[in-house]
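Below: one structure, written as structure tokens.
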Amino acid sequence: MYSFRERLESLKKRGLLRKIRDREGPQGRVITIKGRSLINFSSNDYLGLCNHPSIKNAVTRALSHYGTGAGASRLLSGGTILHEELEALISNFKETEATVIYTSGYTANIGTITALTEKDWLILSDELNHASIVDGCRLSRAEVVIYRHKDTEHLEEILKKERTRPKMIVTDSVFSMDGDIAPVDQIKKLAERYNALLYIDEAHATGVLGEGRGSLKQFGLSSAPFIIQMGTLSKAIGSVGAFITGSSEIVRYLINTSRTLIYTTALPPHDVAAASEAIRIIMDEPERIKRLWENREKTVTGLHSLGIDTGESETPIIPIMVKDNETALRLAEHLIENGIYAPAIRYPTVRSPRIRLTVTASHTEDDIHRLVTVLKEARDCGLL
Ligand SMILES: Cc1ncc(COP(=O)(O)O)c(C=O)c1O
């Protein structure tokens, strides 16, 4: 039989071995792992909606009416009026013509990028785009050119040479491991000037930027027929799944051609109900986003006061850059020993190892103070 022991040993030697640490309770500000309570700086539950009472009530109602699974693909009998309602709600929230739900951000990226581009197309993709975009590009039959991170001059250089081919520019709006923001305003101008489609991954912008509505709103821009936005329901929205939103023509085309939409079971109704309730809460309670950003500022100020390098971060995703994998692992262990959960992120997720902190609206002043104190100790004993 095949053995993967050597490959596993090689990963271990290079400090790249991963292990799963499961929780014993809900996602949130404090999580329990192996009986230990840890202040959680590792979730994408930016607004604290994963365990919200009115969302749980909405889920219970949907569950008792519709049952558990969707039971079929959306194009068969998998959809419910809850799916339709959520799509209408998202179109309204994002000020777009139409929306369609996918079962995850990963499959939305793969299924949309592959459906919209063809063999004679060119995809221009930021070098730090998420793995699901990378995989969507790999699976597409189009030619893929990677442009330097957020470098609009480099992007324009490539666009200038490719005036005649159909093109799509693909970018995360918030980069998931560095927490910096793409220059969406300049990229939109380039897409317009060079007649390209613009595909924006709003996974970490949804619920976070532009009053929760995302990067276009943040930059004071509106949607346009050449813009396709992907947003996840799994991060600030606190459920699971994703959406593609944009022109009705593109959404209709995806419903007809996107393989990860057609050939998979629809999202269960209770997850859909959770997402709808979460979006209503985001619209009704802007103070959550305000708190998120206040906490983000307090954390960054604390880290900078220790001389910690937070890279290019501009959002609640705050990397702590370290010199190697071993340091990242030791620092993550030090944090756990001191009651804080923030795992090490290493290759191939990132090129340079780091601890990726995510701050949420649920964190308290004491949590942030504790984090900074523990990091100060780590710095003083040479771990940073
Ligand atoms: C930028 C980005 N895009 C897409 C995804 C995939 O989303 P999901 O977790 O819903 O599959 C993620 C999350 O891991 C992400 O960070």
Side-chain angles (χ1 to χ4, degrees), residues 18 20 27 41-47 49-50 86 90 94 99-114 123 125-140 146 149-150 168-182 184 187 198-209 214-216 218 228-245 258-261 264-268 271-272 274-275 278-279 311-319 342-343 345-346 348-351 354 356-360:
R18 277 127 161 108
I20 291 173
Q27 180 62 276
F41 282 95
S42 76
S43 92
N44 300 313
D45 180 20
Y46 295 110
L47 302 175
L49 297 180
C50 276
L86 174 59
I90 293 170
K94 298 282 285 181
T99 299
V100 64
I101 304 169
Y102 282 72
T103 49
S104 75
Y106 195 97
T107 54
N109 277 341
I110 290 181
T112 306
I113 294 170
T114 51
I123 300 177
S125 177
D126 186 289
E127 67 178 322
L128 293 192
N129 276 341
H130 189 257
S132 52
I133 292 181
V134 173
D135 291 354
C137 292
R138 284 180 183 158
L139 279 173
S140 81
I146 310 295
H149 182 49
K150 294 192 303 186
M168 180 156 82
I169 303 170
V170 186
T171 186
D172 285 1
S173 46
V174 173
F175 290 89
S176 57
M177 292 297 141
D178 292 84
D180 53 343
I181 302 173
V184 173
I187 297 177
L198 172 56
Y199 185 92
I200 312 175
D201 178 329
E202 296 264 88
H204 297 275
T206 307
V208 174
L209 294 186
S215 66
L216 290 180
Q218 178 88 7
I228 302 114
Q229 298 176 68
M230 190 289 286
T232 51
L233 304 172
S234 52
K235 297 181 170 57
I237 307 288
S239 179
V240 66
F243 60 84
I244 293 286
T245 195
S258 178
R259 294 169 71 84
T260 60
L261 174 66
T264 195
T265 301
L267 211 56
D271 291 323
V272 173
I279 293 172
E312 301 290 309
S313 168
E314 302 169 80
T315 65
I317 299 170
I318 309 169
I345 310 284
R346 293 153 288 156
T349 311
V350 289
R351 291 180 200 154
R354 67 200 63 183
R356 173 185 183 263
L357 298 173
T358 44
V359 179
T360 73

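One-based numbering, in listed order, for ligands and for the atoms of each. For clarity, every value in this text was computed on a predicted model and none was experimentally measured.
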Non-hydrogen side-chain atoms of Ile200 and Leu216 separated by less than 4.5 Å: yes
Ligand-protein N/O pairs under 3.5 Å (ligand 1):
from, atom 1, to, atom 2, distance (Å)
ligand 1, 3 (N), Asp201, OD1, 3.4
ligand 1, 3 (N), Asp201, OD2, 2.6
ligand 1, 7 (O), Lys235, NZ, 3.4
ligand 1, 9 (O), Lys235, NZ, 3.2
ligand 1, 10 (O), Gly105, N, 2.9
ligand 1, 10 (O), Ser234, OG, 2.9
ligand 1, 11 (O), Gly105, N, 3.1
ligand 1, 11 (O), Tyr106, N, 2.9
ligand 1, 14 (O), His130, NE2, 3.3
ligand 1, 14 (O), Lys235, NZ, 3.4
ligand 1, 16 (O), His204, NE2, 2.7

Donor on one side chain, acceptor on other, Tyr46 and His204, under 3.5 Å: yes
Asp178 and His149 side chains, donor-acceptor separation under 3.5 Å: no
Qualifying residues under side chain to side chain contact (heavy atoms under 4.5 Å, CB included), relative to Thr260, sequence neighbours excluded: Tyr102, Thr107, Ile110, Ser258
Phe175 side chain reached by Asn129 side chain, heavy atoms, under 4.5 Å: yes
Side-chain donor-acceptor pair present, Ser173, Glu202, cut-off under 3.5 Å: yes
